[in-house]
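Throughout, residue positions are numbered sequentially from 1 according to the sequence presented. Keep in mind that the numbers below use all heavy atoms, side chains included, and drop hydrogens, waters and symmetry copies.
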Amino acid sequence: GVDISLSMLKVARSISEREGIPLPWVRTDGFQLPFKNGGFNRLVAREALCHVADADLPGVLQEITRVLAKGARFYLLEQVSESPLWQHHPKAPFVTKRSVDSIRQFFQDAGYRELEAVVIRRPRFPGIYFVQFGLLPEVLVPYLARWELWLNRRFGRLRTRRWQNALFVFEKR
C-alpha cells in the first residue's frame, strides 16, 4: 500500500492488521515509487489520481507504468464528471473529477489499453441510508451494495453532468 499521508497509512495498516492481511505500507508520492521495474501485475488506485494535478499526472502515470509488468492490469476507481461545475469544489481545491475522455486520454498517452469502464455509483439516495437511520438491519449492507452495483452497471450511463464513481480497467501494453 502506498500513500503520501502518514495518517492514511496508519489507518490502512490498522485495518489490514485487524483483518489479518499482512501488507507492507510505504509513505511516498507518485513521482518516485521505491519498487523495481515491472514488479507488479496488478495495481488498484481508489480516488487517488483525482488528487494529482493535470500537469503532474503524465509523470505520475509514467512512474506507475515503470513498476508494472507488461500486460499488468490497472484498476482505477475515480469520481468523474463531464461538467466543469462538478469537477471542482471550493472546499476541495486540490481534487479534480476529470471527464471520462480526459482519463482515457491520459492513460492512452501513458501506454495503456482500456479493457472496461463502468459506473459503480451515482449520486442519489443510496440504500445504505436506510441502514444508517435504522430502517433496515446492518446485516443487509452487503446485499444493498451488490444491488446498487448491479443497478449502476445495468442502467448507469458512464457520462453524466453530475459526478459519479466509475471503475476503469486498463492494461499496460
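- Once rounded to the nearest 0.5 Å, the distance linking CH2 of W86 with CD of Q79 reads 10.0 Å.
- A donor and an acceptor atom, one from each side chain of Q105 and D101, are nowhere located under 3.5 Å apart.
- Nearest heavy-atom pair across A48 and E78 is N-OE2, 3.1 Å.
- Counting only heavy atoms from C-beta outward, the side chains of V67 and K36 never approach each other to under 4.5 Å.
- Residue G20 comes nearest to P22 through the heavy atom pair O-CD, 3.4 Å, listed as atom of the first residue, atom of the second, then distance.
- Heavy atoms only, all atoms of each residue included: R104 and A117 are closest at NH2-CB, 3.7 Å.
- Across all their heavy atoms, T28 and P34 have their closest contact at CG2-CD, 3.9 Å.
- Using a 4.5 Å cut-off on side-chain heavy atoms (C-beta onward), S83 and K97 make no contact.
- Going from atom CZ of R46 over to atom CG of L76 covers 11.5 Å, rounded to the nearest 0.5 Å.
- The hydrophobic cluster containing L135 also contains V131, counting ILVMFWY residues as joined when their side-chain heavy atoms lie under 4.5 angstrom apart, directly or transitively.
- By the criterion of side-chain heavy atoms lying less than 4.5 angstrom apart, applied directly or through intervening Ile, Leu, Val, Met, Phe, Trp or Tyr residues, L33 is not grouped with I4; the two fall into different hydrophobic clusters.
- Cluster annotation: F74 is connected to F31 through the hydrophobic network of ILVMFWY side chains, with a link wherever side-chain heavy atoms come within less than 4.5 Å.
- Between A166 and V80, the shortest heavy-atom contact is CB-CG2, 4.0 Å.
- Checking side-chain atoms of E82 against main-chain N and O of V100 turns up a donor-acceptor pair under 3.5 Å.
- The hydrophobic cluster containing V139 also contains V141, counting ILVMFWY residues as joined when their side-chain heavy atoms lie under 4.5 angstrom apart, directly or transitively.
- With rounding to the nearest 0.5 angstrom, the CZ atom of R173 is 11.0 Å from the NZ atom of K70.
- Under the side-chain hydrogen bond (donor to acceptor under 3.5 Å, both in side chains) criterion, the residue pairs touching residues 52-65 are D54-R98, E63-R66, T65-Y112, with sequence neighbours excluded.
- Side-chain contact check for W163 versus N165: some heavy-atom pair is nearer than 4.5 Å.
- Note: the hydrophobic cluster containing V60 does not contain F94 (ILVMFWY, side chain heavy atoms under 4.5 Å, direct or indirect links).
- In this structure, CD on E114 lies 6.5 Å from CZ on F168, to the nearest 0.5 angstrom.
- Looking only at distances, a side-chain donor or acceptor of K172 sits under 3.5 Å from a matching main-chain atom of L68.
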For this session: I would like to know whether F40 and F35 meet ring pair (Phe, Tyr, Trp, His ring centres under 6.0 Å); could you show each step before the answer?
Result: CA-CA 9 Å; F40 294 95; F35 308 113; 5.1 Å; yes

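- Proximity of F170 to I103: side-chain heavy atoms (C-beta onward) are separated by under 4.5 Å at one or more points.
- Under the rule for a side-chain contact (heavy atoms from CB on, under 4.5 Å), the partners of E171 that lie at least two apart in sequence or sit in another chain are R73, R113, L115.
- Atom CG of L49 sits about 11.0 Å away from atom OG1 of T96, to the nearest 0.5 Å.
- Taken from CG in L9 to CG in D3, the straight-line distance is 5.0 Å, to the nearest 0.5 Å.
- Note on residues 9-18: pairs passing side-chain hydrogen bond (donor to acceptor under 3.5 Å, both in side chains), not counting sequence neighbours, are S16-W25.
- Within the 4.5 Å cutoff, no side-chain heavy atoms of V52 are placed close to those of L61.
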